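Presented below is the structure to which this report refers.
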Amino acid sequence: MNAVLTVLLLVACLAASFLVPTYGPPAVVLCLLLGLIGGVAIWRFDRENEFLVRLFVGAIVTRIFVATLIVFYGLEKFFGGDSDTYDFYGWALGLSWHGRALYGTYVEQFNYRGGSGWGMLYVVAVIYELVGRNNFAVQLFNAVLGAATAIIVYRIAEHLFDNKRVARIAGIFVAFYPSMVLWSSQALKDGPIVFLLVIAMFCTLKIGEKFSVKYMVLLLASVLCVLTLRFYIFYMVTAAIVGAFVIGMRSFSAKSFTRQFIVVILMGLAMTYLGITRYASRQYEAFGDLKVVQRSRLDAARSAGSGFAADVDVSTTQGALAAIPIGVFYLMFAPLPWQFTSVRSMITLPEMIVWWGCFPLLILGLWFTIKHRLRRVSPILLFTTLLTLGYSIFQGNVGTAYRQRAQLLVFYFIFVAVGMVLFKERREDKKRKREEAKAAGMPERIIPPMRAPRDFGVKPTFQAASPAVTSEKR
């Protein structure tokens with residue numbers, strides 16, 4: 001397997017360098033350097049390093065191939081025209097650092113118009129400082145972040161459920177699911193946003209277990225970076241983190257209460273000292289009005305062929321609440337079968353079939369989590385709930401809903417993995433009981449145990465046997 005991955009990585013790098021000769025070599029060098037740093041970190045600091053290094057390399061290889069195809073066939077605008085915006089303004093920002101004041105005015109205009117994602121300009125500008133104006137390098141930078149996201153999701157799942165099956169399945173989903181690959185293979189802000197969100201949640205879980213200055217600094221940094229990329233997600237992730245610490249992720253004690261109180265106070269002081277609360281308030285005043293949300297949603301809903309529920313009015317609280325059911329439905333399941341009317345939508349069909357099939361497992365996994373791990377997983381549940389409700393209100397376009405769903409899938413796949421393991425282990429339990437009954441000469445009609453999987457660390461609760469079985473035992 002290691003040899004195969006090495007060959008695939010070599011082929012991917014050569015293909016990128018050959019098919020994109022102008023921008024490929026420096027972009028590949030940057031990608032390999034970042035990938036090497038990530039691979040060494042995984043190998044040195046993780047207990048299951050061999051599997052995770054393979055997963056990391058496989059995810060990078062997949063994204064290099066996809067990024068190369070996008071550039072080679074000129075599909076940047078087809079999948080996401082935002083990359084051109086970040087390319088130009090990031091390049092202008094870099095020139096302004098070298099005394100080109102005129103280009104600095106372009107960046108000011110971007111910010112003045114409420115340019116969402118101004119932090120992405122700095123990412124692009126820094127990369128251009130290293131390798132020159134090279135949008136392909138930004139794509140491969142995001143590819144490394146996308147691969148690293150799968151590793152962090154693995155760690156989150158393992159931390160929450162103490163189950164390697166769940167962790168592996170969740171990590172594989174994030175590493176190779178088509179939309180997760182697609183949005184982290186382009187020069188868009190989606191990849192960094194998802195990466196920062198999983199970093200924030202992982203740090204929250206670690207601090208909830210034991211206070212650490214390292215994780216506290218990393219948590220604050222990731223949340224503040226989210227603010228520079230998509231400000232409304234900052235509100236939701238901050239609310240989820242604070243709410244989780246208020247509720248408590250562990251059993252109550254004086255020590256846990258003190259830790260949670262200190263974390264909340266530190267977050268508030270840090271954001272106040274850095275002026276984040278003032279900046280966030282200005283953003284909220286400009287974009288938080290439901291009338292502004294309605295205008296944005298209506299524009300998206302009127303898009304030819306991909307809008308939905310254009311007659312919904314979310315400019316009032318009552319209207320916003322009424323829009324949630326249909327919004328959640330489209331956010332979860334779009335594009336729907338009758339909406340596969342274009343090439344753009346048809347290429348999503350294979351992954352949508354997989355997602356529709358996984359949805360019952362998602363429900364099963366959520367049921368188990370709420371029943372057995374509610375406090376522990378509270379930050380993720382709070383964040384995904386808030387973001388799901390938020391997007392259901394102001395998304396009115398199938399394509400946008402499909403794109404934004406990646407920010408939720410990265411956490412939903414953890415619950416899908418839980419559902420898969422529950423389903424698989426219950427089948428194994430039924431098979432084992434039948435074999436034991438057959439070996440003991442007992443009737444095969446035995447009520448199977450209804451319990452949590454063996455490795456989840458939850459005390460099993462067996463269902464009582466039927467009278468027939470009891471009398472047979474006697």
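Model, not experiment: these values are computed from the prediction. Just so you know, these numbers use all the heavy atoms, side chains as well, and skip hydrogens, waters and symmetry mates.
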Inset, instruction - Evaluate the ring planes of Phe308 and Tyr330, with Trp represented by its six-membered ring, and classify them as parallel (under 30°), tilted (30 to 60°) or perpendicular (over 60°). - result: parallel
Legend entry - Shortest non-hydrogen contact between Asn142 and Ala187, atoms and distance: ND2-CA, 3.9 Å
Inset, instruction - Take Phe333 and Phe359 through the test ring-ring contact (aromatic ring centres under 6.0 Å, His included) and record every step on the way to the result. - result: CA-CA 9 Å; Phe333 301 112; Phe359 196 76; 4.8 Å; yes
Legend entry - Verdict with supporting geometry, Val418 and Arg373, side-chain contact (heavy atoms from CB on, under 4.5 Å): CA-CA 12 Å; Val418 173; Arg373 292 286 193 276; over 6 Å; no
Inset, instruction - Starting at CD1 of Ile393, measure out to CZ of Arg297 and round the result to the nearest 0.5 Å. - result: 10.0 Å
Legend entry - Tyr412 side chain to Thr388 side chain, donor-acceptor N/O pair below 3.5 angstrom: yes
Inset, instruction - Decide whether Asp87 and Tyr128 meet the rule of one side-chain donor and one side-chain acceptor closer than 3.5 Å. - result: yes
Inset, instruction - Classify the side-chain pair Gln109/Tyr89 by whether it contains a donor and acceptor separated by less than 3.5 Å. - result: no
Inset, instruction - Determine whether Asp313 and Gln294 make a side-chain contact, defined as any pair of heavy atoms from C-beta on separated by less than 4.5 Å. - result: yes
Inset, instruction - Determine the interplanar angle of the Phe173 and Phe413 rings, folded into 0 to 90°, and report it as parallel if under 30°, tilted if 30 to 60°, perpendicular if over 60°. - result: parallel
Inset, instruction - Indicate whether the side chain of Tyr402 and that of Glu351 have a donor and an acceptor atom separated by less than 3.5 Å. - result: yes
Inset, instruction - Verify side-chain contact (heavy atoms from CB on, under 4.5 Å) between Phe56 and Val61, making sure each step is shown before the conclusion. - result: CA-CA 9 Å; Phe56 183 63; Val61 168; over 6 Å; no
Inset, instruction - With rounding to the nearest 0.5 Å, note down the distance linking OH in Tyr232 to CZ in Phe234. - result: 14.5 Å
Inset, instruction - Would you name the heavy atoms of Asn2 and Arg54 that are closest together and state the gap between them? - result: OD1-NE, 2.9 Å
Inset, instruction - Write down the atom of Leu52, the atom of Ile151, and the distance for their closest heavy-atom approach. - result: O-CD1, 3.4 Å
Inset, instruction - Please indicate whether Tyr122 has more than 12 foreign heavy atoms, meaning atoms of other residues, nucleotides or ligands, lying under 6.0 Å from its OH. - result: no
Legend entry - Distance-only donor-acceptor check, side chains Ser185 and Gln139, under 3.5 Å: no
Legend entry - Ser222: side chain to side chain donor-acceptor pair (under 3.5 Å) partners, not counting sequence neighbours: none
Legend entry - Test item: Lys189 side-chain N/O and Leu229 main-chain N/O as donor-acceptor pair under 3.5 Å: yes
Legend entry - With sequence neighbours excluded, residues passing ring pair (Phe, Tyr, Trp, His ring centres under 6.0 Å) with Phe141: none
Legend entry - Over 12 non-hydrogen atoms of neighbours within 6.0 angstrom of CZ in Phe79: yes
Legend entry - Pair Arg403, Gln395: side-chain N/O donor-acceptor within cut-off below 3.5 Å: no
Legend entry - Side-chain heavy-atom pair Val144, Leu140 within 4.5 angstrom cut-off: no
Inset, instruction - Can you establish whether the number of heavy atoms outside Phe423 located under 6.0 Å from its atom CZ is more than 12? - result: no
Inset, instruction - Locate the shortest heavy-atom distance separating Val166 from Ala417; write the atom from each residue and the value. - result: O-CB, 3.4 Å
Inset, instruction - Please check if any side-chain donor atom of Arg405 sits under 3.5 Å from a side-chain acceptor atom of Ser179, or the reverse. - result: no
Legend entry - Polar side-chain atom of Ser392 near backbone of Leu389 as donor-acceptor pair, under 3.5 Å: yes
Inset, instruction - Would you check, one step at a time, whether the test side-chain contact (heavy atoms from CB on, under 4.5 Å) holds for Ile70 with Leu182? - result: CA-CA 10 Å; Ile70 289 174; Leu182 178 63; 4.1 Å; yes
Inset, instruction - State, with a plain yes or no, whether a side-chain heavy atom of Phe383 is found less than 4.5 Å away from one of Ile241. - result: no
Legend entry - Side-chain heavy-atom pair Thr369, Leu160 within 4.5 angstrom cut-off: no
Inset, instruction - I would like to know whether Tyr103 and Trp91 meet ring-ring contact (aromatic ring centres under 6.0 Å, His included); could you show each step before the answer? - result: CA-CA 9 Å; Tyr103 291 94; Trp91 173 67; 5.3 Å; yes
Legend entry - Approximate separation, where rounding is to 0.5 Å, of Leu362 CG and Met420 CE: 11.0 Å
Inset, instruction - State whether the number of non-hydrogen atoms from other residues, nucleotides or ligands found under 6.0 Å of Phe78 atom CZ is greater than 12. - result: yes
Legend entry - Six-ring centre of Phe202, Arg155 cation under 6.0 angstrom, axis tolerance 45°: no
Inset, instruction - Flag the pair Leu69 / Leu75 as yes when at least one side-chain heavy-atom distance between them is below 4.5 Å, and no otherwise. - result: no
Legend entry - Check: Tyr177 and Val354 side chains under 4.5 Å, non-hydrogen atoms: yes
Legend entry - Least distance between heavy atoms, Ala157 atom then Ala167 atom: CB-CA, 3.7 Å
Inset, instruction - Applying salt bridge (charged side-chain N to carboxylate O under 4.0 Å, His left out) between Glu158 and each of Arg168, Arg165, Lys164, report the one that passes. - result: Lys164
Inset, instruction - Answer yes or no: is there a side-chain heavy-atom contact under 4.5 Å between Phe195 and Ile152? - result: yes
Inset, instruction - Start with the C-alpha distance between Val237 and Met201, add both sets of side-chain angles, then the distance that settles side-chain contact (heavy atoms from CB on, under 4.5 Å), and finish with yes or no. - result: CA-CA 9 Å; Val237 72; Met201 289 301 162; 3.8 Å; yes
